2 protein chains.
Amino acid sequence: MSGATRMLYPSSWLRGASLGEAISCELRLGIVTGKLKPGEKLSENGIAADFGTSRSPVREALRTLSGEGLIRLERMGAVVVGLGAEEVRELYDVRCLIESFAQERLSRMDREPILARLERILDRMELAAKHKDIEEFALLDFTFHETIVEEANHSRIRQLWRSIRQLVLTVMLVTTEDVFGEGEARVAAVIGKHRALLDSLRSGDETEVREQVRTYFADSFATLDHTLGRA
Amino acid sequence: MSGATRMLYPSSWLRGASLGEAISCELRLGIVTGKLKPGEKLSENGIAADFGTSRSPVREALRTLSGEGLIRLERMGAVVVGLGAEEVRELYDVRCLIESFAQERLSRMDREPILARLERILDRMELAAKHKDIEEFALLDFTFHETIVEEANHSRIRQLWRSIRQLVLTVMLVTTEDVFGEGEARVAAVIGKHRALLDSLRSGDETEVREQVRTYFADSFATLDHTLGRA
DNA sequence: CCCTGTGTACTTGTATACAACTTTATCGTT
DNA sequence: AACGATAAAGTTGTATACAAGTACACAGGG
């Protein structure tokens, strides 16, 4: 039914993805950008028609989105939950929770290899910043945090992360576009915040790490809130 | 392929459930009890044949279980990840994390109505204990914790909870059977621990609550580890 | 006017069919 | 015997078909 428009999800991020995954990515982006508004009803048939596929991959996509909490599956049709300012704040709460836990564990491990990997990611971020490669930058930002979570070596934390990772990636894509639009200083600031995070992890002091993670997310949300404020 | 046996998942918990949900519950129980061992390969066709259904609901079930981290979806066939002692410990880590967060929020809200609801649940738990109604007891234990998470009124925390709730419920079913097998004292102890939790929540002192939640889960895991030790 | 019963259109849940791909086994060659 | 090509069986991803159930409009009786 809806004139749900096919959008700009980076096609390179969809290499090897099934139709179901592709559809979930497109719908997710639509929800994050607000093109699909809270309360809007989605029907399997309607979406299948929009994308020119059968209901099978659509069903899979709707299950996925439901698992991410972006839609609610009701008896008739799925309804968009959406991502208002409050929900984004809550997403950052959870990211902070997960990453705090992960970093706390990391600070008790041999973190030389991880530090090296994170450093390399930051180098590539600076490169991407120089070339104004937004998609690459967003992906690297994402990878930075995912690396931290993965290296913590905790199956359940990993699983929690997996349940929000696509959403986080999509939000990063959208916000990174804004960041680049506000000039190089903003981009440099983002990199700087990551360096601070990395330095605190290198120090290994638990309370320092905890505090640094907290401020990182508080900060990120503050600036994000500003950009998303009018959306 | 496997002689995967249909098991004893409470049929009353499956009222109104779709085939997909039912299958996921049976498989989940099989994994938790160890009837499906880590590394074992599951094929959609095989499971469909075992349950006498088509692949459609099986696919849905496998996606669900994958979302819960109980299996890994690979190119050919899904492989059981399983739930060893370490994984159970990690599950309790996460439950503790979620519930700590939830209680911290609750301690800043008007919690009269929640306290009343929790109290009613405890009353019903004592009743179930008296009648040795294991399934009801497990469900009430589950509901107690779910109520806390739900009432915290945080969409993302709710969503994290949803991603493990079925697993938690299943683990509770299994462990509750053990608890009842060890005599009334153990059952009473479980109720007591919940009362302690509720009292600390009533007190409203944040650090007290935090500490109480931590000891609750440390305790729960210790006893659980003991019973699951030989499994 | 309101209420009720019915029919219609639309929804999901499940089954079946087909195509593309991966793995494995078989057979021929060296 | 070892190795490589090829055929065969099994796998998932997707499309289509069907059945059961639900919301809704509409007409008819109170």
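Reminder, nothing fancy here: chain letters follow the sequence lines and each chain counts from 1. Computed from a predicted model, the values in this text were never measured in an experiment. The figures that follow rest on heavy atoms only: side chains count, while hydrogens, waters and symmetry mates do not.
If you take CD of B:Glu74 and P of D:dG13, they are 12 Å apart, rounded to a whole angstrom. Atom NZ in A:Lys41 sits roughly 7 Å away from atom P in D:dC24 (whole-Å rounding). One can place CD of B:Glu44 at 15 Å from P of C:dT14, the figure rounded to the nearest angstrom. When rounded to the nearest whole Å, the span between CG of B:Leu62 and C1' of D:dT12 equals 11 Å. Spacing between atom CG of A:Leu42 and atom C1' of C:dC10 amounts to 16 Å, rounded to whole angstrom units. Following rounding to the nearest Å, A:Ile23 (CD1) and D:dT14 (P) show an atom-to-atom distance of 8 Å.
Counting only N and O atoms by type, the side chains of A:Glu87 and B:Ser155 include no donor and acceptor under 3.5 Å apart.
Classification of A:Glu151 and A:Arg117 as a salt-bridged pair holds, one side-chain N sitting under 4.0 Å from a carboxylate O. Between A:Glu44 and A:Arg59 there is a salt bridge, since a side-chain N of the basic residue sits under 4.0 Å from a carboxylate O of the acidic one.
Between A:Ser54 and D:dT16, a side-chain N or O to OP1/OP2 separation shorter than 4.0 Å is absent. The side chain of A:Asn45 contributes no N or O atom lying less than 4.0 Å from OP1 or OP2 of C:dC10. The side chain of A:Arg75 contributes no N or O atom lying less than 4.0 Å from OP1 or OP2 of C:dC10. For A:Ser56 and D:dG13, the shortest distance from a side-chain N or O to OP1 or OP2 is not below 4.0 Å. Proximity of B:Arg63 to the phosphate of D:dT12: no side-chain N or O atom is located under 4.0 Å from OP1 or OP2. For the OP1/OP2 pair of C:dT12 and a distance below 4.0 Å, the side-chain nitrogens and oxygens of A:Arg59 include no atom meeting the criterion.
Here CD1 of A:Ile31 is found 9.0 Å from CG of A:Leu167. Values are rounded to the nearest 0.5 Å.
In this structure, of D:dC18, D:dG13, C:dT11, it is D:dC18 that holds the atom nearest to the side chain of A:Arg55.
Heavy-atom nearest nucleotides on DNA chain C were determined for A:Met76 and for B:Glu60, and the one closer to the 5' end corresponds to A:Met76.
Of the residues listed (B:Asp141, B:Leu139, B:Thr147), the one engaging B:Ile121 in a side-chain contact (heavy atoms from CB on, under 4.5 Å) is B:Thr147, and it is the only one.
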